[in-house]
**Q** 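Following this message is one structure expressed as structure tokens.
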Number of protein chains: 2
Amino acid sequence: MASLTSVLGVLDPTSDRAVFRQIADALREAIDKGRFREGDKLPSETELVDHFGVSRMTVRNALSLLQQEGLAVSEHGKGVFVRPRPPVRRLASDRFARRHREQGKAAFTVEAEAAGSRPEVDNLEVKEERPSPDISARLGSPRKVLARRRRYLLDGRPVEFATSYLPLDLARNTPIAQPNPGPGGIYARLEEMGHRLDHFDEEIRARMPSPAEVRTLQLASGVPVIHLVRTAYDSEGRAVEVCDTVMAADAYVLAYQLPAN
Amino acid sequence: MASLTSVLGVLDPTSDRAVFRQIADALREAIDKGRFREGDKLPSETELVDHFGVSRMTVRNALSLLQQEGLAVSEHGKGVFVRPRPPVRRLASDRFARRHREQGKAAFTVEAEAAGSRPEVDNLEVKEERPSPDISARLGSPRKVLARRRRYLLDGRPVEFATSYLPLDLARNTPIAQPNPGPGGIYARLEEMGHRLDHFDEEIRARMPSPAEVRTLQLASGVPVIHLVRTAYDSEGRAVEVCDTVMAADAYVLAYQLPAN
DNA sequence: CTTACCCACTCGTCTATACGAGTATGTGTC
DNA sequence: GACACATACTCGTATAGACGAGTGGGTAAG
């Protein structure tokens, strides 16, 4: 193995840049240049302490920076590693096209298997609730809603969890209120019930996860979430469903097509 | 002012949860409950040290957690504050409709003024470059491209910076190569030049910013960026422009409309 | 050969201390 | 009143040390 000096260089004592930032810079540059690759173990804290001649807290400060940037992850007892970039799931803009719905299988499953991953859905929960003000407003202020929660995993890794809300008067005592709503999902059922779907509105935000979201999605530090709220409208202009989705940002790329006129 | 105990509670020494996490939990809960509001100053490190009876590093560790979550920002010499949530700019899915282009003013300016903000564009740079492999592939592998860079600010705050790439054979010696391409922007010029725009593809990712992006967008810690890559196609199916945009995630919500069929 | 244990190495948590640098406020001088 | 300055507060950076807890490998016992 090459000496640490050749990989990381040395500190510049004349610089007014904080020492821990210089160390972070050195590591970041080494990663960028491919001297450490995805999944590689970075030098241990002790090695960095010895190499740079600083205290351990200073080294930890530097490593913490890299983790906040999403460049590294630490594993207790093992080391600090260059964060591997997992395969991303691409959500195409035609993903709710009727033709996909009509073939009957759950979109998530079909697509995951096509990509060679093992899909899984868990944490299923279906219950009646009083809607939050935001959800209520989007659905036209129903008194109660049916909430369907679930979490999606690829190869055992949680990537997204979502809650669908439907006005209760529309969903009660229908297959939609069942844990498994049947082939094509709730959109297929809605259409069968006479609510021909017209279009979807989607709102996208990105932010850092709450502690609960970190747990549910098993997020490494330095990984944001994409928060997507989709509203489905039927051909009469009624909002028939709101789907609130939180996705691990490192697992997704969203694709949309916009008309030019 | 109420005693700190009534606002933050006390530590549970029997808990196996790390002390700094308990402190972070207490502060987070107080913020959630509105005991501290946006822009409010949190208790100083010294006050927290005295209140919880721990060392300063432990308190700083807790505050650092809140900053990583995007809940708080520290200001040197002043204190740590609940992060104010700035007004968000909403990007509607019809933002590239021809009718908007035809009225002649820059979309960013019109929209910002309508929202009561002071818009600004700076860091203008127009130059010819060799495209990166990614950009090159999207544009059909031109040897060189025209790159137009600019940064957008609202009320003096940077919110986004973007680079447009156009095949050089298409843009050279046209108004598009001028710093100010004229009313309606480069899309209006492209249409005048016979490239009737057909549609746009957008790809969206979210991630933590690089150090350079933190500087350019003056991002607080705990604020991710939204990375949007838009490709514009003319009616002959040719990719005529790629726009690479990095946005401060706390300043944006993106809206899209999807057809149901 | 397998199992159990020990040990070395990793990162996690916490203490105590020191000095520096940015900010705000008061105070005294002019 | 205006200004310079001292001061006390804030967070930023860094040191040195201690113990805990998770991991993995080697060694000794069975």
Side-chain angles (χ1 to χ4, degrees), chain A residues 1 4 10-27 36 39-68 71-83 211 214 218 220-222, chain B residues 1 4 10-27 36 39-68 71-83 211 214 218 220-222:
Chain A
M1 152 95 187
L4 274 189
V10 293
L11 295 178
D12 173 5
T14 70
S15 165
D16 58 353
R17 189 159 176 79
V19 173
F20 77 90
R21 288 187 198 283
Q22 292 187 49
I23 296 176
D25 291 344
L27 288 164
F36 300 110
D40 279 3
K41 185 178 173 305
L42 294 178
S44 75
E45 294 177 354
T46 310
E47 286 171 319
L48 292 170
V49 162
D50 292 344
H51 172 66
F52 288 112
V54 298
S55 80
R56 187 170 160 227
M57 283 312 296
T58 303
V59 162
R60 280 183 62 77
N61 227 330
L63 290 171
S64 161
L65 244 191
L66 296 183
Q67 291 181 54
Q68 287 174 51
L71 279 181
V73 288
S74 68
E75 295 182 38
H76 192 171
K78 295 202 246 185
V80 180
F81 300 83
V82 179
R83 187 157 73 83
V214 168
Q218 292 172 22
S221 66
Chain B
M1 154 93 186
L4 273 189
V10 293
L11 295 178
D12 173 6
T14 70
S15 166
D16 58 353
R17 190 160 175 78
V19 174
F20 78 90
R21 289 187 197 283
Q22 291 187 49
I23 296 176
D25 291 344
L27 288 165
F36 300 109
D40 280 1
K41 186 178 171 302
L42 294 178
S44 76
E45 294 177 356
T46 310
E47 286 170 319
L48 293 171
V49 162
D50 292 344
H51 172 65
F52 288 112
V54 298
S55 82
R56 190 172 157 223
M57 283 311 295
T58 303
V59 162
R60 280 182 64 78
N61 226 330
L63 291 170
S64 161
L65 244 191
L66 296 182
Q67 291 179 55
Q68 287 175 49
L71 278 180
V73 288
S74 68
E75 295 182 38
H76 193 171
K78 293 202 251 190
V80 180
F81 300 83
V82 179
R83 187 157 71 85
V214 168
Q218 292 171 23
S221 65

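Residue numbers begin at 1 in each chain, while the letters A, B, ... track the order of the sequences.
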**Q** For Gly79(B) and for Val19(A), locate the closest nucleotide of DNA chain D by heavy-atom distance; then report the residue assigned to the nucleotide nearer the 5' terminus.
**A**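 So the residue in question is Gly79(B).
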
**Q** Could you state the atom-to-atom distance from NE2 of His76(A) to C1' of dC19(D) in whole Å?
**A**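 Distance check: His76(A) NE2 to dC19(D) C1' gives 12 Å.
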
**Q** With heavy atoms under 4.0 Å as the rule, sort Arg17(B) into base, sugar-phosphate or nothing.
**A**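 Answer is nothing: Arg17(B) stays at 4.0 Å or more from every strand.
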
**Q** Earliest and latest nucleotide of DNA chain C, 5' to 3', sitting under 4.0 Å from a non-hydrogen atom of chain A?
**A**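 Answer, 5' to 3': dT10(C) to dC14(C).
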
**Q** Give the residues of residues 47-67 of chain A touching DNA chain C, defined as any heavy atom closer than 4.0 Å, sorted by residue number.
**A**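 Those residues whose heavy atoms fall under 4.0 Å from DNA chain C, taken from residues 47-67 of chain A in numerical order, are Arg56(A), Met57(A), Arg60(A).
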
**Q** Closer to the 5' end of DNA chain D via nearest nucleotide, is it Lys78(B) or Phe20(A)?
**A**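 Of the two residues, Lys78(B) wins.
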
**Q** Identify the heavy atoms of Phe20(A) and Ala62(A) that sit nearest to each other, and give their distance.
**A**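 For Phe20(A) and Ala62(A), the tightest heavy-atom pair comes out as O-CB, 3.3 Å.
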
**Q** Determine: side-chain N/O of Ser74(B) to OP1/OP2 of dT10(D), distance under 4.0 Å, yes or no.
**A**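 Ser74(B) to dT10(D) OP1/OP2: no side-chain N or O under 4.0 Å.
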
**Q** Please report the closest heavy-atom contact between Phe36(B) and Val82(B), naming both atoms and the distance.
**A**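 Smallest interatomic distance, heavy atoms only, reads CB-CG2, 3.7 Å.
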
**Q** Got a second to check how far Arg56(B)'s CZ is from Leu48(B)'s CG, nearest 0.5 Å?
**A**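 Spacing of CZ (Arg56(B)) from CG (Leu48(B)) equals 11.5 Å.
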
**Q** Give the angle between the helix axes at the two ends of the helix from dC1(C)-dG30(D) to dC30(C)-dG1(D), taking five base pairs at each end and rounding to 10°.
**A**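 Computed angle between terminal axes is 10°.
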
**Q** Restricting to non-hydrogen atoms, name the atom on Gly222(A) and the atom on Arg83(A) that form the minimum distance, rounded to 0.1 Å.
**A**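 For Gly222(A) and Arg83(A), the tightest heavy-atom pair comes out as O-NH2, 4.4 Å.
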
**Q** Any idea which heavy atoms bring Lys78(B) and Lys41(B) closest together, and the distance?
**A**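 Distance-wise, the nearest heavy atoms are O-CE, 3.3 Å.
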
**Q** Taking the side chain as C-beta and beyond, is there a heavy-atom pair between Leu27(A) and Leu63(A) under 4.5 Å?
**A**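 Sidechains of Leu63(A) and Leu27(A): in contact.
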
**Q** Does any part of the side chain of Ser64(A), heavy atoms only, come nearer than 4.5 Å to the side chain of Gln68(A), both counted from C-beta?
**A**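 A side-chain contact under 4.5 Å exists here.
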
**Q** Quick one, Gln22(A) and Ser15(A) - any side-chain contact, counting heavy atoms below 4.5 Å?
**A**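 Side chain of Gln22(A) against side chain of Ser15(A), heavy atoms only: contact under 4.5 Å found.
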
**Q** Which heavy-atom pair separates Ser74(A) from Gln67(A) by the least distance, and what is that distance?
**A**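 What the structure gives for the nearest pair is OG-OE1, 3.5 Å.
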
**Q** May I ask you to test the Ile23(B)-Leu11(B) pair for a side-chain heavy-atom distance under 4.5 Å?
**A**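 A side-chain contact under 4.5 Å exists here.
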
**Q** Does the Glu45(A) side chain pair with the main chain of Val59(A), one donor and one acceptor, at a distance under 3.5 Å?
**A**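 Such a contact is absent between Glu45(A) side chain and Val59(A) backbone.
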
